[in-house]
Student: 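Sending over a structure as structure tokens; questions will come in a sec.
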Amino acid sequence: MKPKIVVVGSSNTDMIVKVDRIPRTGETVLGGRFVTAPGGKGANQAVAAARAGADVTFIGRVGNDMFGQEALAGFIRDGIDTRFVYIDESEPSGVASIVVDRNGENSIAVAPGANANLSTRDIMVAQSVFESADIILVQLEIPLETVYTACNEAKQQGIPVLLNPAPAHVLNKNLFSCISILTPNEIEASLLSGIEVTDEPTAEAAAKELAGQGIPIVLITMGSRGVFVHSHEYMGMISSFDVEPVDTTAAGDVFNGALATALAENFSLTEAVRFANAAAAISVTALGAQTSAPTRKVIEDFLAGDH
Ligand code: RIB
């Protein structure tokens, strides 16, 4: 049976321009290719988890507009339960303006729109889906109060919470007692721990600091270098896979969606990280967020190959 994952988070439409290099302030760079693709950290993670093999319910908000309808249609194509994707009548769907350079690195500006209206009440209305979930996956592209409610509700029901603290925010330390797995990148880990993460020793120090605040598993994602793991089961770096990057947008989202699926299927932590690293590596070889999230078969074939 498929594991059940509830994802609480944002949905955006990404306006992506591929350019040679990211413009400096006040500069215009010509020559790029333009693509519109479904995105948003929450929706990306929901789609990644569904393609990796989970039964996913997504709790989010979209506007009553074309982008919202397209997002919903995409979730349905991926078999995601959309009963708790609310249609907001006062704000348009979220939009992200993304510039991707020749190395696949990006720069993103988000207009949250309807995502900013995802409320505590929306979570409470969807309370019944928490009961049967194996894991709850949350990020920070929605109001923090809603994040706290979702994490608290999961804790009350004894369901593990995987928090991807992106984009970076200062968090109330009380939240940490609800978190089973925290997956910051280097910037987020630096902000949350107060230790600047630049390499493996500083990642270890930051992970230790966060673990000391009561989080059982801390995974610091470090891009092409891999993931620093701090847990009772394993401590140290797990390397990422070497690929030619086209667009790193949503690599972290794909990592989190695949990780949640693998953990909900009771993979060991190191195997789950390897599985998620493979999914993320595949995703950076294609342009776009949800457009680049791989299916279970593609991930398994990749792992069975020379990697
Ligand atoms: O993490 C990548 C995502 O961040 C993009 O899809 C964009 O919508 C922003 O939310």
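Counting starts at 1 for both ligands and their atoms, following the listed order.
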Student: Could you check atom 3 (C) of ligand 1 against the protein and tell me its nearest heavy-atom contact, residue, atom and distance included?
Tutor: Asn44 ND2, 3.7 Å

Student: Using a 4.0 Å cut-off to any heavy atom of Ala96, which atoms of ligand 1 qualify?
Tutor: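 Listed by number with element, the hits are 7 (C), 8 (O).
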
Student: Please say whether Asp253 places an N or O atom under 3.5 Å from an N or O atom belonging to ligand 1.
Tutor: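 It does: an N or O of Asp253 is found under 3.5 Å from an N or O of ligand 1.
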
Student: Counting only nitrogen or oxygen atoms and a 3.5 angstrom limit, does Ser10 reach ligand 1?
Tutor: no

Student: Mark up the atoms of ligand 1 that fall under 4.0 Å of a heavy atom belonging to Glu141, in ascending order.
Tutor: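 The list of qualifying atoms is 4 (O), 9 (C), 10 (O).
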
Student: I need the atoms of ligand 1 closer than 4.0 Å to a non-hydrogen atom of Ala289, numbered in the order shown.
Tutor: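 The list of qualifying atoms is 6 (O).
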
Student: Can you tell me if Asn164 uses its side chain to pair, donor with acceptor, with the backbone of Thr183 under 3.5 Å?
Tutor: yes

Student: Enumerate the atoms of ligand 1 whose separation from the nearest heavy atom of Asp14 is less than 4.0 angstrom.
Tutor: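 Reading through ligand 1 atom by atom, the close ones are 5 (C), 6 (O), 7 (C), 8 (O).
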
Student: Going by the atom numbers of ligand 1, which of them fall below 4.0 Å from some non-hydrogen atom of Gly39?
Tutor: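 Those of ligand 1 that fall under 4.0 Å from Gly39 are 6 (O), 8 (O).
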
Student: Measuring from the heavy atoms of Gly40, does anything fall under 4.0 Å of ligand 1?
Tutor: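 Yes, that is the case, since the closest heavy atom of the residue is under 4.0 Å from the ligand.
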
Student: Give a yes or no answer on whether the side chain of Asp101 reaches the backbone of Asn103 with a donor-acceptor pair at less than 3.5 Å.
Tutor: yes

Student: Looking at Asp20, is its backbone amide N or carbonyl O close enough to the side chain of Arg102 to form a donor-acceptor pair, meaning the two atoms are under 3.5 Å apart?
Tutor: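 Yes; judged by distance alone, with no hydrogens or angles, the pair exists.
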
Student: Quick one: does Glu70's side chain have a donor or acceptor within less than 3.5 Å of a partner on Phe67's backbone?
Tutor: no

Student: Report yes or no: do Asn64 and Glu89 form a side-chain donor-acceptor pair below 3.5 Å?
Tutor: yes

Student: Starting from atom 4 (O) of ligand 1, find the nearest protein heavy-atom neighbour and note its residue, name and distance.
Tutor: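 Looking only at protein heavy atoms, the one closest to atom 4 (O) of ligand 1 is Lys41 NZ, 3.2 Å.
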
Student: Under a 4.5 Å cut-off applied to non-hydrogen side-chain atoms, are Gln139 and Asn256 in contact?
Tutor: no

Student: If you define the side chain from C-beta out and look only at heavy atoms, does anything of Asp122 sit under 4.5 Å from Phe84?
Tutor: no

